[in-house]
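Written out below as structure tokens is the structure these notes cover.
Source: prediction; values computed, not measured.
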Amino acid sequence: MTQNFDAIIIGAGVIGASVAKEMSAKGLKTLSIDKLPEAGYGSTSGSCAIIRTYYSAFETCALAYESWFYWKDWKNYIGTRDEAGLIEYHDTGCLVIKTPHNKNLKDVCQIMDQVGCPYDEIDVKDVPNYIKGADTQSFDPAKRPDDEGFCEPTGRSVSGAVFFPRGGYVSDPKLSAHNVQRAAEANGATFIFNTEVTEIRTENDRIAGVTLADGSQIDAPIVVNVAGPHSFVINKMAGVTGGMNITTRALRHEVAHVPAPKGGAFDNNGMVYSDSDIHTYARPDVGNNILIGSEDPACDPKEWVEDPDNFNDSFTDQWKIMVMRLAQRLPDLGIPEQAKGVVALYDVTEDWMPIYDKSDLPGFYMAIGTSGNQFKNAPVVGKIMADLIEQIEAGHDHDNNPLSFHLENINTDISLGTFSRNREINQNSSFSVIG
């Protein structure tokens, strides 16, 4: 017997669960399908779960600042009980080093002024007050171990930093998706796991539903692709890639987990840290540890993955290179012999900005290209997608008259055309995980 829903959401990571929460809150009967065992089991689990407000464009900064209010008041946002408990948001603030790569944060600070987000300019001599033991010499450009001058200073200091007090991190990103799943279920949403979509079905040139691996069919006039690193697979299944100027690919990434120097920069009172001079970012982790990620310098090869179900999930020399780069800034940081951390896939677009949009196939929508820098925006992205879908299904021509969305906490409107599949590549982007 064929089941019927108002909308099918493919993917139950933190963003997919948020889409289900907000669509079900509008009274739609939603079904979320994920091929993995639990909500947030995929790329959400591989996220460093950093909550920050600084991006490369006005719209993404505004969206991130709006989202901060929901993480800060997570209990009220979820609004229901989760037997697994609620995540803890650590509101530590974020320190970002000024570099030529981020234009010494001049443009970012101007956007912060526009959206009313506070920040503090930090003189270079005061950086060690925030990151204890920091060596403030410049090491840019990034190099690899076989390059001459690897890990050697380049004879000058960095330009200072900016501290953003409204930011921090979540120590259990997978639990955050489970929390949102429970909130969606409280609205009547349904979730099924260990279930693979093998066909996107159409009828009369619009979405009709999906077929599952066991051959069963589920009907719905709306399908939302929130499949993370599998998003390009689902788009091909739906036959919509030809009508997209911006597309997604799966990119392999490693995150290092190492002990923090005792009493140093990333102890239990540490903060989020972003440093485009050494091309790494970091945050504290429980037990006086540090998570370290790469800001994707040009010297590092990118490993694009054609089959998201088959990739190398073992650590490579990239793990040690990231730790060594952070050790340039933190000379007391030890480099363990045994690699620990996460190897995961990111779902990224050509300019590392997401797609929140319809497609050329009526009824088929996308919230994709989000990995690495959109975890923090999940609460608001759910609201955006629910609103966008509601208005387009009511007849609005979003392609020719892009919708705007009101960010209620910061009282600001943003154009959703910024996240269009048909946009030109955003040249203001960092073209990295920073977004």
Is a salt bridge present between Asp300 and Arg325, judged by a nitrogen-to-oxygen distance below 4.0 Å?
yes
Could you measure the distance from the CG atom of Asn377 to the CD1 atom of Ile384? Nearest 0.5 Å is fine.
8.0 Å
Return the orientation label for the Trp74 and Tyr77 ring planes: parallel under 30°, perpendicular over 60°, tilted otherwise.
tilted
OG1 of Thr60 to CD1 of Ile414, rounded to nearest 0.5 Å, is 9.0 Å
Classify the side-chain pair Asn409/Tyr65 by whether it contains a donor and acceptor separated by less than 3.5 Å.
no
Is it the case that the side chain of Arg252 and the backbone of Asn312 share a donor-acceptor pair, with hydrogens and angles ignored and the cut-off at 3.5 Å?
yes
Residues Asp285 and Arg283 bridged, charged N to O under 4.0 Å
yes
Kindly say whether Ile97 contributes a backbone atom to a donor-acceptor pair with the side chain of Asn102 at under 3.5 angstrom?
yes
Can you tell me how the ring of His279 sits relative to the ring of His101, calling it parallel under 30°, perpendicular over 60° and tilted otherwise?
perpendicular
Contact check, side chains of Phe58 and Val115, non-hydrogen atoms, under 4.5 Å
yes
Does this structure show an ion pair linking Asp397 with Lys358, if we count only N-O contacts that are shorter than 4.0 Å?
no
Does a side chain donor of either Glu254 or Thr316 reach within less than 3.5 Å of an acceptor in the other side chain?
yes
Asn225 and His230: side chain donor to acceptor below 3.5 Å
no
Between Asp347 and Ser231, does any side-chain donor sit less than 3.5 Å from a side-chain acceptor?
yes
State whether the side chain of Glu66 and the backbone N or O of Glu408 hold a donor-acceptor pair below 3.5 Å, judged by distance alone.
yes
For the ring pair Trp352 and Tyr55, is the centre-to-centre distance below 6.0 Å?
no
Using side-chain heavy atoms (C-beta onward) and a distance below 4.5 Å, is Leu416 in contact with Glu59?
no
With a 4.0 Å cut-off on N to O distance, would you call Asp351 and Arg423 a salt bridge?
yes
To the nearest 0.5 Å, what is the distance between OG1 (Thr349) and CZ (Arg249)?
11.5 Å
Would you find more than 12 non-hydrogen atoms of other residues, nucleotides or ligands less than 6.0 Å from Asp205 atom CG?
no
Whether the side chain of Asn289 engages the backbone of Gly287 through a donor-acceptor N/O pair (distance < 3.5 Å, no angle test) should be reported.
yes
Lys236 and Thr241 have their tightest heavy-atom pair at N-CG2, 4.0 Å
Under 3.5 Å, is there a donor-acceptor pair linking the side chains of Glu350 and Ser429?
no
Rounded to the nearest 0.5 Å, what's the gap from CG on Asp82 to CG on Asn179? Could you check?
4.5 Å
Any salt bridge between Glu393 and Arg206, counting N to O under 4.0 Å?
yes
Whether the Gln181 and Glu185 side chains hold a donor-acceptor pair (N or O, under 3.5 Å, no angle test) is what I'd like checked.
yes
Straight-line distance of Arg182 CZ to Phe191 CZ, nearest 0.5 Å:
9.0 Å
